[in-house]
Amino acid sequence: MLHGGSGSWRHWLRNIPTFAADRLVLCPDLPGLGDSDMPPDGAIPQTIGGILRDGLNMLLRPGEGYDLVGFSFGALCAGHLAAVDHERCRSLTVVGAGALGLPRSPTELLKVRHLEGTAREEANRHNLAALMFADATRIDEVALAIQDLHTRRARFKSRGFANTDSLKQAILRSRAPLACIYGEQDAIARPHVPSRIELIRSLQASALTEMIRGAGHWVAYEAAAEFDAALARILARESVTA
């Protein structure tokens with residue numbers, strides 16, 4: 001499970017227990033984010049995909065397969081990992097994915113690095129409401145703490161890739177069964193979430209698709225129970241079409 005931009009494994013905090021009950025769950029911090037070292041100079045999602053493949057070579061037994069789930073920037077990196085690890089990647093699920101060659105809806109975020117105390121907390125809350133949550137009343141103290149930690153530890157600049165079609169191109173090179181999950185009110189996609197789902201289906205006719213009603217970009221946190229159920233259906237290849 002690969003987290004989103006300027007994030008860490010904590011993007012999956014509410015989901016790990018569900019899937020760890022009967023699976024080995026790996027949630028690495030992507031290069032230059034969270035507690036991971038910076039990647040080599042000039043790193044892009046394609047090279048990060050290779051770094052992730054090499055890391056899996058150290059963690060998994062020879063020939064052992066895996067199901068791959070990526071959120072936002074993590075979806076882009078997951079696509080490039082799937083594109084270079086044909087033999088072991090059993091499925092690719094992209095969550096809140098950009099970089100599909102479709103316009104990204106604008107979001108106005110506040111800079112927080114120079115702030116502290118109440119001003120920093122208010123800016124973090126604003127950014128979560130603007131980008132990550134559909135319903136600001138669902139922003140709790142844990143989400144605020146995660147957001148603050150992420151802003152302090154993010155070093156790799158990942159945001160500029162969302163307006164490309166890099167994920168689309170990676171999916172076309174992948175052989176893994178494809179799926180997607182979107183929050184109905186995803187800030188980077190609304191009001192065109194259905195267009196993104198249709199694009200995913202156009203890339204692979206058998207793609208499984210799920211849309212979580214009333215949820216935003218960070219759907220795995222805001223609507224954790226619904227997200228977990230949707231991902232479980234996808235992994236069992238029983239997903240209903242959104």
Side-chain angles (χ1 to χ4, degrees), residues 1-20 25 27-30 32-35 69-76 93-98 104-159 161-162 180-193 196 210-232 242:
M1 302 180 85
L2 303 181
H3 62 78
S6 299
S8 76
W9 67 267
R10 295 165 183 84
H11 274 159
W12 306 109
L13 185 69
R14 287 183 165 177
N15 319 108
I16 293 169
T18 298
F19 296 99
V25 178
C27 295
D29 286 351
L30 293 171
L33 300 172
D35 293 326
V69 183
F71 165 51
S72 197
F73 177 66
L76 175 54
T93 302
V94 297
V95 181
R104 170 184 168 142
S105 298
T107 52
E108 295 196 13
L109 303 181
L110 300 177
K111 295 186 182 299
V112 301
R113 292 184 183 274
H114 65 293
L115 301 175
E116 291 296 340
T118 300
R120 188 182 183 99
E121 180 175 324
E122 289 176 353
N124 281 328
R125 186 182 296 275
H126 168 88
N127 290 345
L128 285 171
L131 177 61
M132 301 291 262
F133 283 74
D135 183 351
T137 66
R138 296 174 181 166
I139 299 172
D140 59 10
E141 294 303 312
V142 175
L144 282 168
I146 290 172
Q147 179 73 4
D148 189 60
L149 183 147
H150 287 170
T151 61
R152 294 180 188 276
R153 295 189 182 177
R155 290 143 288 137
F156 183 78
K157 305 299 183 185
S158 60
R159 199 173 182 199
F161 298 108
C180 73
I181 302 174
Y182 281 94
E184 179 190 26
Q185 298 299 322
D186 190 321
I188 73 166
R190 67 185 179 199
H192 304 299
V193 172
R196 291 176 182 251
E210 295 268 358
M211 184 166 65
I212 309 299
R213 304 290 178 185
H217 188 53
W218 193 7
V219 58
Y221 189 94
E222 184 177 8
E226 295 88 343
F227 174 86
D228 289 350
L231 181 56

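None of these values were measured; they are calculated from a predicted model.
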[atom1] of [X] to [atom2] of [Y]: how many Å apart, nearest 0.5 Å?
| X | Y | atom1 | atom2 | value |
| --- | --- | --- | --- | --- |
| Glu108 | Leu131 | CD | CG | 12.5 Å |
| Ile212 | Tyr182 | CD1 | OH | 13.0 Å |
| Leu231 | Ile181 | CG | CD1 | 5.0 Å |
| Ser8 | Ile146 | OG | CD1 | 7.0 Å |

Any side-chain heavy-atom pair from [X] and [Y] closer than 4.5 angstrom?
| X | Y | answer |
| --- | --- | --- |
| Phe227 | Trp218 | no |
| Val69 | Leu2 | no |
| Arg10 | His150 | yes |
| Phe73 | Leu30 | yes |
| Ile16 | Cys27 | yes |
| Arg113 | Thr151 | no |
| Val112 | Asn124 | yes |

Would the distance check show the side chain of [X] and the main-chain N or O of [Y] forming a donor-acceptor pair, the cut-off being under 3.5 Å?
| X | Y | answer |
| --- | --- | --- |
| Asp29 | Trp9 | yes |
| Ser105 | Arg190 | yes |
| Arg14 | Ala224 | no |
| His11 | Gly4 | yes |
| Asn15 | Ala220 | yes |
| Glu222 | Gly216 | yes |

Please name the pair of heavy atoms, one in [X] and one in [Y], separated by the smallest distance, quoted to 0.1 Å.
| X | Y | value |
| --- | --- | --- |
| Ala223 | Ala215 | CB-CB, 4.0 Å |
| Leu110 | His126 | CG-CD2, 3.4 Å |
| Arg155 | Gly34 | NH2-O, 2.9 Å |
| Val193 | Gly183 | CG2-O, 3.8 Å |
| Val25 | Phe19 | CG2-C, 3.7 Å |
| Leu128 | Ala143 | CD1-O, 3.8 Å |

Taking the six-membered ring for Trp, are Phe71 and His3 closer than 6.0 Å centroid to centroid?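 When the ring centroids of Phe71 and His3 are compared, they turn out to be at least 6.0 Å apart.
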My understanding is that only residues two or more places apart in sequence, or in another chain, count here; which of them pass side chain to side chain contact (heavy atoms under 4.5 Å, CB included) with Arg125?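 In terms of side chain to side chain contact (heavy atoms under 4.5 Å, CB included), with neighbours along the sequence ignored, Arg125 is linked to Glu121, Ile139, Glu141, Leu144.
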Taking everything shown except Glu116 itself, do over 12 heavy atoms lie less than 6.0 Å from its CD?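 Counting neighbours around CD of Glu116, more than 12 heavy atoms of other residues, nucleotides or ligands fall under 6.0 Å, so yes.
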Derivation and outcome, side chain to side chain donor-acceptor pair (under 3.5 Å), residues Ser6 and Arg153: CA-CA 8 Å; Ser6 299; Arg153 295 189 182 177; over 6 Å; no
Quick one: do Met132 and Asn127 satisfy side chain to side chain contact (heavy atoms under 4.5 Å, CB included)? Show the steps, please. CA-CA 7 Å; Met132 301 291 262; Asn127 290 345; over 6 Å; no
Please state whether the rings of Phe133 and Tyr221 are parallel, tilted or perpendicular, taking 30° and 60° as the class boundaries.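 Rings of Phe133 and Tyr221: perpendicular, over 60°.
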